[in-house]
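Everything on this sheet refers to the single structure shown next.
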Protein chains: 2
Amino acid sequence: MNTYTDFFKALSDETRLRILHLLVVSKSELCVCEFTDILETPTYNVSKHLKILKNAGLINERKEGRWVYFGLTPVKGRFLELLFEAIKEIPAQQLKTDLNELQKRFDIRIEGKCLLGIQKEHLKNH
Amino acid sequence: MNTYTDFFKALSDETRLRILHLLVVSKSELCVCEFTDILETPTYNVSKHLKILKNAGLINERKEGRWVYFGLTPVKGRFLELLFEAIKEIPAQQLKTDLNELQKRFDIRIEGKCLLGIQKEHLKNH
DNA sequence: TGCATAGTTGCACAATGGCGCAACAAAGAT
DNA sequence: ATCTTTGTTGCGCCATTGTGCAACTATGCA
């Protein structure tokens, strides 16, 4: 039961909902610096939100050199299947904008990998 | 956007998830004293949770004499449709128990109306 | 070895959220 | 009119949550 309220709690924050939406729609893994640029939120913030989504069991982590990629967990059960479908259907302008920004990040990937890091200076840790 | 995080926030509490599950599965209106007995939570608590669900736009209120019935809002949009489907599919024991308790309350309705009030003494306001 | 880059974590702070209690409103019954 | 029943609301308390800052780890490069 707690599992399910935790799913909803994880999605009850705008930043985290945007993160999950990006993952559901793109069907890809994204790395922390890509999220940072797309969401326009400092890295430490993105990192914390990703941790919450991970602890809720919604996303997985994969390390590759200095980069950490996050993707959806494999869907087991009809509940998550429907929940992800629902998220895909949210008709919010913000989410469309996010997808545009995601495309920009995909365009600067090199052989499918995120190698360029954060592009927006003001979002980096100093 | 806030609309959607509010939906999730509303469902990120166990009591409220149980309430919405009852409404989604039963396709009925239930009154506050029925929720009180089923959820085994004091009336003032039930009332507050119902208010939160109502403010989120998930449920409606209808007064009938001293009784107040709550039911799902008419679904507009694919997002809510899928969200409610998802809630139906949650395989938690607690929710099954709730449905049994709901049946008991339906059994003591008179001509489809909740006329008997709270059955569990310790849950009433004093 | 030292430096830059990618990311995480601990701390302090303000805001929010759920609970219990007690007081309240509203409707019907005696 | 008064009492009972159904339900709501305001208050104080405590726990949780999101944020920014600063310190930290870890990986790769010169």
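If you're wondering where the values come from, they're calculated on a predicted model, not measured in any experiment. So that the names make sense, note that chain A is the first sequence line, chain B the second, and so on, each numbered from 1.
- Atom CD in B/E40 sits about 15 Å away from atom P in C/dC19, given to the nearest Å.
- The aromatic rings of A/F8 and A/F79 stand perpendicular to each other, their planes meeting at an angle above 60°, with 30° marking the opposite boundary.
- Here the nucleotide nearest the side chain of A/V32, chosen from D/dG7, D/dG18, C/dG7, is C/dG7.
- Contact check, B/K51 against D/dT9: a side-chain N or O comes under 4.0 Å of OP1 or OP2.
- You'll find the side chain of B/K9 stays beyond 4.5 Å of the side chain of B/I52, heavy atoms only.
- Separating the CG atom of B/N2 from the P atom of D/dG18 is a distance of 14 Å, rounded to the nearest angstrom.
- Here D/dT16 presents its P atom at 14 Å from CD1 of A/I52, a figure rounded to the nearest Å.
- Along DNA chain D, the nucleotide nearest A/T15 and the nucleotide nearest B/S47 are compared for position; the residue whose nucleotide lies closer to the 5' end is B/S47.
- Within residues 104-117 of chain A, no residue has any heavy atom closer than 4.0 Å to DNA chain D.
- Checking C/dG7, D/dG18, D/dG7 against the side-chain heavy atoms of B/T43 singles out D/dG7 as nearest.
- When the side-chain nitrogen and oxygen atoms of B/N45 are compared with OP1 and OP2 of C/dG18, none of them lie within a distance under 4.0 Å.
- Rounded to an integer number of Å, the gap from A/K54 NZ to C/dG7 P is 14 Å.
- Interatomic distance, A/S47 OG to A/F35 CZ, rounded to the nearest 0.5 Å: 11.5 Å.
- Straight-line distance from the NZ atom of A/K63 to the C1' atom of D/dG28: 15 Å, rounded to whole Å.
- Across C/dG7, D/dG18, D/dG7, the shortest atom-to-atom separation from the side chain of A/C33 is found for C/dG7.
- The shortest distance between side-chain heavy atoms of A/R78 and A/L82 falls below 4.5 Å.
- Remark: P of D/dA15 and CG of B/D13 are 17 Å apart, rounded to the nearest angstrom.
- The residue among A/S12 and A/E64 whose nearest nucleotide of DNA chain D is located toward the 5' end is A/S12.
- Summarising the geometry, atom CG belonging to B/L83 is positioned 7.5 Å from atom CG belonging to B/L20; distances are rounded to the nearest 0.5 Å.
- The nearest whole Å value for the distance from the CG atom in B/D37 to the C1' atom in D/dT6 is 13 Å.
- Between D/dT4 and B/R66, no contact under 4.0 Å exists linking OP1 or OP2 to a side-chain N or O.
- For C/dG17, the base has no donor-acceptor partner in the side chain of B/K48 [N/O atoms by modelled type, under 3.5 angstrom].
- Atom CG of B/N60 is separated from atom CG of B/L53 by 11.5 Å, given to the nearest 0.5 angstrom.
- Sorted by first and then second residue, the salt bridge (Lys or Arg N to Asp or Glu O under 4.0 Å) pairs involving residues 29-43 of chain A (not counting sequence neighbours) are A/E29-A/R62, A/E34-A/R109, A/D37-A/R105, A/E40-A/K120.
- A close approach under 4.0 Å does not occur between any side-chain nitrogen or oxygen of B/Y44 and OP1 or OP2 of C/dA22.
- Distance CD (B/E61) to C1' (C/dA25): 14 Å, rounded to an integer number of Å.
- By the 4.5 Å heavy-atom criterion applied to side chains, B/I59 and B/L50 are counted as neighbours.
- Close to D/dT17, at under 4.0 Å from its OP1 or OP2, lies no side-chain N or O of A/H49.
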